[in-house]
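Let me begin by presenting the structure, written as structure tokens, before commenting on it.
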Amino acid sequence: MTNSKPQDFTESTLSSKTVYRGSLLQVLEDEVRLPDGRTARREYVRHPGAVMMVPMLDPQTVVLVRQFRYPLGRHFYEIPAGKIDRGEEPLESARRELREECGYQAGEWLRLATVHPCIGYSDERIELYLARRLAYVGRAPDDEEFLEVVPLDLARALDGIRDGTITDQKTIIGLLWADKFRDS
């Protein structure tokens, strides 16, 4: 994104070891060669990837979910999201997650962006979709998933970003995209 040729700061892997492997995440510790020839250690999280959907009931109403997030010990308002299962295409994951979490199927899907939320310590990527022309078909939440479906006026949701009620970065990004497409 510059007018001149950018410098190459690529780091090359010398060794890699898994220090933790869970059902969702894997933590690695790598030794790398820096561009100047020195070596350094990198710790990072491997993530299978995720999707997030901005479901719009109408041009003024977005569907959020409210759920407890254990690492921060509190409830959050979020746009629906979920991990991409092995072998699953992102749009297929988005359709599945929208139905499971919110009980809706969408007649129109628009891919908006790819987000890398934690580039300093994770390879996670999130594919963002806008979902419109929603039809309620019934929820099918995962066994360990407890959440409340919250249809909310988009203007109120945007106010929630400004007043600190909504702090989840993926939700902020999704709501700003929804505002951009509100009248289209």
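Small disclaimer: the values here were computed from a predicted structure and weren't measured.
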- [ ] Name all residues meeting the side-chain hydrogen bond (donor to acceptor under 3.5 Å, both in side chains) criterion together with Arg69; count only those two or more places apart in sequence or in a different chain, and write none if there are none.
- [x] Glu78
- [ ] Name all residues meeting the side-chain hydrogen bond (donor to acceptor under 3.5 Å, both in side chains) criterion together with Arg86; count only those two or more places apart in sequence or in a different chain, and write none if there are none.
- [x] none
Minimal non-hydrogen separation, [X] against [Y], with atom names:
X: Pro90; Y: Val51; answer: O-CG1, 3.3 Å
X: Ala81; Y: Glu97; answer: O-OE1, 3.6 Å
X: Ala131; Y: Trp109; answer: CB-CZ3, 3.8 Å

[X] side chain to [Y] main-chain N or O, any donor-acceptor pair under 3.5 Å?
X: Ser16; Y: Asp30; value: no
X: Thr39; Y: Val32; value: no
X: Thr18; Y: Tyr20; value: no

Using a 4.5 Å cut-off on heavy atoms from C-beta on, say whether the side chain of [Y] contacts that of [X].
X: Glu101; Y: Val149; result: no
X: Leu57; Y: Val63; result: yes
X: Phe181; Y: Met56; result: no

As an exercise, state the distance from [atom1] of [X] to [atom2] of [Y], rounded to the nearest 0.5 Å.
X: Leu134; Y: Cys102; atom1: CG; atom2: SG; answer: 9.0 Å
X: Leu112; Y: Leu128; atom1: CG; atom2: CG; answer: 4.5 Å
X: Tyr129; Y: Leu91; atom1: OH; atom2: CG; answer: 5.0 Å
X: Tyr44; Y: Leu25; atom1: OH; atom2: CG; answer: 13.5 Å
X: Tyr121; Y: Glu43; atom1: OH; atom2: CD; answer: 13.0 Å
X: Glu124; Y: His47; atom1: CD; atom2: NE2; answer: 4.0 Å

Task: The single option from Arg38, Arg42, Arg41 passing salt bridge (charged side-chain N to carboxylate O under 4.0 Å, His left out) against Glu11 - done: Arg42
Task: salt bridge (charged side-chain N to carboxylate O under 4.0 Å, His left out), paired with Glu127, selected from Lys83, Arg111, Lys170 - done: Arg111
Would one find more than 12 heavy atoms of other residues, nucleotides or ligands at under 6.0 Å from atom [atom1] of [X]?
X: Asp36; atom1: CG; value: yes
X: Tyr136; atom1: OH; value: yes
X: Leu24; atom1: CG; value: yes
X: Arg139; atom1: CZ; value: yes
X: Gln7; atom1: CD; value: no

- [ ] Decide, yes or no, whether a salt bridge links Arg125 with Asp123 under the criterion of side-chain N to carboxylate O below 4.0 Å.
- [x] no
Open item on the list: Between Arg96 and Glu100, does any side-chain N to carboxylate O distance fall below 4.0 Å?
Closed with: yes
Same cluster (ILVMFWY, side-chain, under 4.5 Å), [X] and [Y]:
X: Ile79; Y: Leu147; result: no
X: Ile173; Y: Leu175; result: yes
X: Leu110; Y: Val54; result: yes
X: Val115; Y: Ile84; result: no
X: Leu64; Y: Trp177; result: yes

Open item on the list: Between Thr10 and Arg33, do the side chains contain a donor N or O and an acceptor N or O under 3.5 Å apart?
Closed with: no
- [ ] Verify whether one side chain among Asp168 and Tyr77 offers a donor that lies under 3.5 Å from an acceptor in the other.
- [x] no
Which donor-acceptor pairs under 3.5 Å do side chains of residues 151-159 form with protein atoms, sequence neighbours excluded?
unit_1, atom_1, unit_2, atom_2, d
Asp153, OD2, Ala155, N, 3.1
Asp153, OD2, Arg156, N, 3.3
Asp159, OD1, Arg162, NH2, 2.8

- [ ] Determine, stepwise, if the pair Thr114 / Ile126 fulfils side-chain contact (heavy atoms from CB on, under 4.5 Å).
- [x] CA-CA 6 Å; Thr114 300; Ile126 304 175; over 6 Å; no
- [ ] Assess whether salt bridge (charged side-chain N to carboxylate O under 4.0 Å, His left out) is satisfied between Arg132 and Asp58, documenting all intermediate values.
- [x] CA-CA 7 Å; Arg132 295 190 279 203; Asp58 58 55; over 6 Å; no
